[in-house]
Undergrad: 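Encoded as structure tokens, here's the structure I'll be asking about.
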Protein chains: 2
Amino acid sequence: MSPRIGLDLPALLHAATEIADSQGIEAVTLASLAQKLQIRSPSLYNHINGLPDLRRQLALRGLELLADQLSREVEGRSGDDAVRAFCAAYLNFARAHPGLYEAIQRAPEPEDKLLQQAGGAVVDQVIRTMAGYGLEGDAAIHAVRAIRSLLHGFVSLERQGGFGMPLDLDVTFQLMVETFLAGVKAMRDGGAST
Amino acid sequence: MSPRIGLDLPALLHAATEIADSQGIEAVTLASLAQKLQIRSPSLYNHINGLPDLRRQLALRGLELLADQLSREVEGRSGDDAVRAFCAAYLNFARAHPGLYEAIQRAPEPEDKLLQQAGGAVVDQVIRTMAGYGLEGDAAIHAVRAIRSLLHGFVSLERQGGFGMPLDLDVTFQLMVETFLAGVKAMRDGGAST
DNA sequence: TTGCCAAAACTAATGATATTAGTTATTATA
DNA sequence: TATAATAACTAATATCATTAGTTTTGGCAA
């Protein structure tokens, strides 16, 4: 009675994103998505290649969106200011799109070219932001890894309610970033102190 | 022909841990566990209360083991040395038990008393380790949150292969911890520098 | 304008999973 | 030795992903 509803991949991903952001990536199933779209689940195969493919597409969409927002916020800034803006943008994305953020973490296939590339774009943005910071070569790579760890760790713990104390998390975040910057400078300008 | 094989909860969790550590927490299903134990999956209900309960038990087991190893390594140390030992022990646990570590992160029910308590034991260990560091009140809480973020972020990114460059990860980890310590001292002993 | 074809929906069917209900056999204990 | 609790079992159901094959529709070419 009603073939041709007019679905396409973007519409699918939009609906899947809503499910992921509101109920978690686990809740994104072909059954739940089909129900939300008012179609039968086998019909989804006209647009995607099964559940793993759907989640992969979500991860791609998430990475693109993240890279986009990061570069937009960092643009025109430099030094500490750029790092602060970068960190804030990263946190904001994770809070605004918890489901997409979750999807990004599920990068299984290391040989997936497109996913690698999309992830690379985000990492490149970190590298650009941290560049011109007086760090060269290996030291720069270590610093980039450190800030990625810091950001991802905070975001993950916050999302899963890992921080018990009722102390303002935004303050923690700000302080954490400043501590990191202070540490980088201390390490750069000399050895360890007491 | 063969009821009474002699299974009990510890044996179950041991087998489930092996699956989780070798194939990931996703691979821990009642079907896979039953197959490994040579029984039919409904028989598992004599020991556990379904799949969610099994994963919860795994998380509990993981938290206990982690708290145990952390306190063992930190014992007798203090100051920077204690922090370094703590971080190393945390990393070692995550590497040795990737499946258990994964299980820990899946803490869904915030009202689960036992899980809260087990998680609290780990956090308390962080607090004890960071204590006597010249940080008081809120500052101490922020510092604890920061180091948890750092450790969890690094461990997660490493596990999912998030670090692309073929640069020694152990070096990054060491450096990261030292940078954190330097940052904490810089923040404690004065404001921001240039 | 008409007819055809590709695309997008569908139904039907299969296999895997978790879970429940009810059954049987064994072990421990009274 | 008899019995009761326990730990295995079989049978059955519901949900999910996936495949195969079918129908309908909308656009495009003759």
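Source: prediction; values computed, not measured. Heavy-atom basis, side chains included; hydrogens, waters and symmetry copies ignored. Residue numbers begin at 1 in each chain, while the letters A, B, ... track the order of the sequences.
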Undergrad: Could you check how far CD1 of B:Ile48 sits from C1' of C:dT20, rounded to whole Å?
TA: 15 Å

Undergrad: Send over the distance from A:Gln35 CD to D:dA14 P, rounded to a whole Å.
TA: 17 Å

Undergrad: If you check every side-chain atom of A:Leu30, which of C:dT19, D:dA8, D:dT18 has the closest atom?
TA: D:dT18

Undergrad: Between C:dT19, D:dC9, D:dA8, which nucleotide has the shortest distance from any of its atoms to the side chain of B:Pro52?
TA: C:dT19

Undergrad: Mark yes or no for a side-chain to base donor-acceptor pair under 3.5 Å between A:Asn46 and C:dA7, with no hydrogen or angle criteria applied.
TA: no

Undergrad: If you round to the nearest 0.5 Å, how far is CD of A:Gln174 from OG1 of A:Thr179?
TA: 11.0 Å

Undergrad: Heavy atoms from C-beta onward define the side chain here; which of D:dA17, D:dA8, D:dT19 lies closest to that of A:Ala31?
TA: D:dA17

Undergrad: Do you know the tightest heavy-atom contact between A:Asp168 and B:His142?
TA: O-CE1, 3.9 Å

Undergrad: Looking at B:His47, does any N or O in its side chain come under 4.0 Å of the phosphate oxygens OP1/OP2 on D:dA8?
TA: yes

Undergrad: I need the CG-P distance between A:Leu12 and C:dA7, as an integer number of Å.
TA: 17 Å

Undergrad: From CG of A:Leu9 over to C1' of C:dA8, roughly how many Å is that when rounded to an integer?
TA: 14 Å

Undergrad: For the pair A:Glu75 and A:Arg128, find out whether any cationic side-chain nitrogen is under 4.0 Å from an anionic carboxylate oxygen.
TA: no

Undergrad: Once you round it to whole Å, what is the distance between P of C:dT17 and CD of B:Glu26?
TA: 14 Å

Undergrad: Students often mix this up, so state it plainly: with edges at 30° and 60°, are the rings of B:Phe163 and B:Phe154 parallel, tilted or perpendicular?
TA: tilted

Undergrad: Using the side-chain heavy atoms of A:Ile39, tell me which of these nucleotides is nearest: C:dA21, D:dA17, C:dA9.
TA: C:dA9

Undergrad: What does the 5'-to-3' dot-bracket notation of DNA chain D look like when only Watson-Crick and G-U wobble pairs under 3.5 Å count, and pairs to other strands show as |?
TA: ||||||||||||||||||||||||||||||

Undergrad: Within the 4.0 Å heavy-atom criterion, would you say B:Thr29 contacts the bases, only the backbone, or no part of the nucleic acid?
TA: sugar-phosphate

Undergrad: Nearest-Å distance, CG (B:Leu37) to P (D:dC9)?
TA: 10 Å

Undergrad: Looking at every heavy atom in both A:Arg145 and B:Met165, which two are closest together, and how far apart are they?
TA: NH2-O, 2.8 Å

Undergrad: Under 4.0 Å between a side-chain N/O of A:Arg40 and OP1 or OP2 of C:dA9, yes or no?
TA: no

Undergrad: In the structure I gave you, are the side-chain heavy atoms of A:Tyr133 and A:Leu181 within less than 4.5 Å of one another anywhere?
TA: yes

Undergrad: Roughly, in whole Å, what's the span from CG in B:Asp53 to C1' in C:dA18?
TA: 14 Å

Undergrad: Around A:Gln35, counting heavy atoms of other residues, nucleotides and ligands shown, do more than 12 lie under 6.0 Å from its CD?
TA: no

Undergrad: Output yes when at least one side-chain N/O atom of B:Ser43 is less than 4.0 Å from OP1 or OP2 of D:dC9, else no.
TA: yes

Undergrad: Any idea which of C:dT19, D:dA17, C:dA9 is nearest the A:Leu7 side chain?
TA: C:dA9

Undergrad: Around B:Arg159, counting heavy atoms of other residues, nucleotides and ligands shown, do more than 12 lie under 6.0 Å from its CZ?
TA: yes

Undergrad: Could you state the OH-C1' distance from A:Tyr45 to D:dA20, rounded to the nearest angstrom?
TA: 13 Å

